[in-house]
4 protein chains.
Amino acid sequence: MRRNKPKYHQIIDAAVITIAENGYHQTQVSKIAKQAGIADGTIYLYFKNKEDILISLFQEKMANFIEKIKEVIAGKQTAAEKIFMMIENHFRILSQNPKLAVVTQLELRQSNQELRRRINNVLKEYLDFIEQILREGVESGEFAPDLDTRLARQMLFGTIDEIATTWVMNKQKYDLVALAPTVAKLLLKGFLGEK
Amino acid sequence: MRRNKPKYHQIIDAAVITIAENGYHQTQVSKIAKQAGIADGTIYLYFKNKEDILISLFQEKMANFIEKIKEVIAGKQTAAEKIFMMIENHFRILSQNPKLAVVTQLELRQSNQELRRRINNVLKEYLDFIEQILREGVESGEFAPDLDTRLARQMLFGTIDEIATTWVMNKQKYDLVALAPTVAKLLLKGFLGEK
Amino acid sequence: MRRNKPKYHQIIDAAVITIAENGYHQTQVSKIAKQAGIADGTIYLYFKNKEDILISLFQEKMANFIEKIKEVIAGKQTAAEKIFMMIENHFRILSQNPKLAVVTQLELRQSNQELRRRINNVLKEYLDFIEQILREGVESGEFAPDLDTRLARQMLFGTIDEIATTWVMNKQKYDLVALAPTVAKLLLKGFLGEK
Amino acid sequence: MRRNKPKYHQIIDAAVITIAENGYHQTQVSKIAKQAGIADGTIYLYFKNKEDILISLFQEKMANFIEKIKEVIAGKQTAAEKIFMMIENHFRILSQNPKLAVVTQLELRQSNQELRRRINNVLKEYLDFIEQILREGVESGEFAPDLDTRLARQMLFGTIDEIATTWVMNKQKYDLVALAPTVAKLLLKGFLGEK
DNA sequence: CATGAATGAGCTTTCATTCAT
DNA sequence: AATGAATGAAAGCTCATTCAT
């Protein structure tokens, strides 16, 4: 299992730093190798090709991302609480990993369609997880019974992704986490049923 | 004025078709020229370089986009109506221009940072326009007085952009315009003041 | 006879200015046309191709050059006097035509071998003329009877050409004509017979 | 140190052959690579760009040239002897490297102004060296006390350069070295003081 | 396991020349 | 005679990947 080898993660972390500092198109395999302190050829002992590094990067970080989100949500009862915690921690994790935020919000989106398709596959788990919470909210009567959970999920993800991207493009110079309550409130109002 | 010459638009339209059919990274200048039925060199009589074609493409189409949206909104009274018309026509224009939709929602986002920065400048006019409507809604008392119009704008744009992108990634196989009422309702509920 | 048409000389003079100001490799046919105040295509009514402009330029200017030199030498008696007048006027003509000096001493030498071969053919008349004076000096007993006039001619031309080129490369900032007496004296000492 | 790697010199020698055989403007990087028996890309492991090959070529060969000249001059006492040895060996080295002679006397002079400026910087060392010998000759009383060593240097270099170029343009079909004594004698007569 | 020198395919842009008007 | 829009060939350089050591 390659993920157990220390160099596997060493290369991925080097890729994050290199991409964040140089940009996606200025990141050559040789730069990642240099950042990782290994030879170019060594990369290919751990990854099939350049694309494989980027997909693996996204998979590793995203799995970690989802895991953390799931953890904080575990104890929450209502869908509204879960949504709030999800948004807040989504923002928190990005805030705590500024370079990763640059890579996922800006740089990796410049990749070609094939890579983005595979990235979307990884993202799908997160999107499904969001939709699952929304569906639970509908079932519990907390959200409107006719809520289109697919659309609602696209609204929710589109919103937090846009807000996060804007924050990164503005050099991360304001407090992203502080926006979470307002964002959650705006979104939840849309989800609630009419009384 | 280059925009008055027919070949200027001929090249831009050829670029849209070529990028939509081959993808951003598979689009060479020679392919655009071939699609336009002219020689490679002729491109450079109308555009400074390859990047100039893409920026001009986005500017031309986006200007047209905003103009159309503004037209349909012109007669509307309430902010809610305006928002609804904006969303519906945003979706309608993309639906009516399937290839352009592919180019703007997917392909051009793969461009390098410099090009995307310039695309964002063009986009800014649209974002400002959205925020303007939201601000009017707050002032007229239609929306919550404490609505954060900047966040609300990011929510609105993030939502419709995500929904449009998902639709394109799903090969545009369902009716995007039909989603507009639901999307508008979801968003507007978040904007309204509490009674 | 094309040389009688005013545009023929107009184009050649435009070429001198353009090459002097932009350098040989930065001189496109379109730039010469612009400088001449005519359309690109018009050039080809007077010249076969770009090379033809440059050869014609050199021929015209060189013919003029040789003619002037011959004029001032006409009245002189001794070979030494002739040589001195030749050197002084060679330098004088270049000094009076700073742009032409840049073109002939620096820029045209960057041309390809074919063009330079044809330029050398034009130059040959000048070289022959020089050698003729040297031969007369030998015959009259003024120069050493065993003087190798071919080598002497190469020495003479190599010297004044190098001095002129150095002067142009130094932005023509000192008085080239003032060097003529010293240069002539140095050269003539080599040509004189031993007493 | 790149100069210690065998491929560095392999590429330079391939460049000399390719330029001599095809001419400066017909020499593409791919041709040099082919002549060197390596891939195009390998060139760029040893040289920054095409221009760097040509400058390095000139630097390497010129350094070698100057070194050899200095060696043979080392044991000589008088300035006249030194000048003679310099001329003879200048001609000898060119005679022994016919292709290099074509490249330095004809082809590299077609290069653009930037390259020629850098070539002139290399050449300057040689010119300074020549002037140094002349100055020593003046100080020792061997040459005229009022000899303008700057002009004399231009005369000396202009002469041998013109003679060498003429020889190359005549397909090197006569004995260049055999001309050295005559050339040296002609030049030295100009330098000597009057008795 | 690790290295890093070598490979070679691929693309934007320029500009001399033409020719329909 | 004059125009100038259109043509299209041609080449330097990068970088992901390989493989002998």
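Residue numbers begin at 1 in each chain, while the letters A, B, ... track the order of the sequences. Keep in mind it's a predicted model, so treat the numbers as computed, not measured.
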Original post:
Closer than 4.0 Å, any side-chain N/O of A:Tyr46 to the OP1 or OP2 of E:dA2?
Top reply: yes
Subject >> Over all atoms of both residues, closest heavy-atom pair of B:Tyr46 and B:Tyr8 >> reply: CD2-N, 4.2 Å
Subject >> d(OH, B:Tyr8; C1', F:dA5) in whole Å >> reply: 18 Å
Subject >> Separation of E:dT12 P from B:Lys34 NZ (nearest whole Å) >> reply: 15 Å
**OP:** Mind telling me whether D:His25 and C:His25 have parallel, tilted or perpendicular rings, with 30° and 60° as the class edges?
**Re:** tilted
Original post:
Once you round it to whole Å, what is the distance between C1' of E:dT14 and CZ of B:Phe47?
Top reply: 18 Å
**OP:** Can you sort out the partners of D:Val122 under side chain to side chain contact (heavy atoms under 4.5 Å, CB included), two or more places apart, ordered by chain and number?
**Re:** D:Phe58, D:Gln59, D:Met62
Subject >> Watson-Crick or G-U stems of DNA chain E, 3 or more pairs, under 3.5 Å, by first number >> reply: E:2-21 with F:2-21
**OP:** Output yes when a side-chain donor or acceptor of C:Arg109 lies under 3.5 Å from a complementary backbone atom of C:Thr104, and no otherwise.
**Re:** yes
Original post:
B:Asp52 has an atom CG; how far is it from atom C1' of E:dT13, in whole Å?
Top reply: 14 Å
Original post:
So does B:Lys7 get a side-chain nitrogen or oxygen closer than 4.0 Å to the phosphate oxygens (OP1/OP2) of F:dA6?
Top reply: yes
Taking only distance into account, with no hydrogens and no angle test, what donor-acceptor pairs under 3.5 Å do side-chain atoms of residues 11-21 of chain B form with protein atoms, sequence neighbours excluded?
unit_1: B:Asp13; atom_1: OD1; unit_2: B:Lys61; atom_2: NZ; d: 3.1
unit_1: B:Thr18; atom_1: OG1; unit_2: B:Ala14; atom_2: O; d: 2.6
unit_1: B:Glu21; atom_1: OE2; unit_2: B:Lys99; atom_2: NZ; d: 2.8

Original post:
Atom CD1 of B:Ile38 to atom C1' of E:dT13: distance rounded to whole Å?
Top reply: 14 Å
**OP:** List for me each residue that meets ring-ring contact (aromatic ring centres under 6.0 Å, His included) alongside D:Tyr24, sequence neighbours excluded, and say none if there are none.
**Re:** none
**OP:** Summarise protein proximity over nucleotides 10-16 of chain F in one line of letters, 5' to 3': B for base, S for sugar-phosphate only, - for none, counting protein heavy atoms closer than 4.0 Å.
**Re:** -SSBBSS
**OP:** For C:Gln105 and C:Asp161, test the side chains for any donor-to-acceptor distance below 3.5 angstrom and give the result as yes or no.
**Re:** yes
Subject >> A:Leu108 backbone acceptor or donor facing A:Arg116 side chain under 3.5 Å >> reply: no
Can you list, pair by pair, the side-chain donor-acceptor contacts under 3.5 Å of residues 29-42 of chain C, counting residues two or more places apart and other chains?
unit_1: C:Lys31; atom_1: NZ; unit_2: C:Gln26; atom_2: O; d: 2.8
unit_1: C:Thr42; atom_1: OG1; unit_2: C:Ala39; atom_2: O; d: 3.4

Original post:
How would you label the contact of B:Ile43 with the nucleic acid (heavy atoms, under 4.0 Å): base, sugar-phosphate, or nothing?
Top reply: nothing
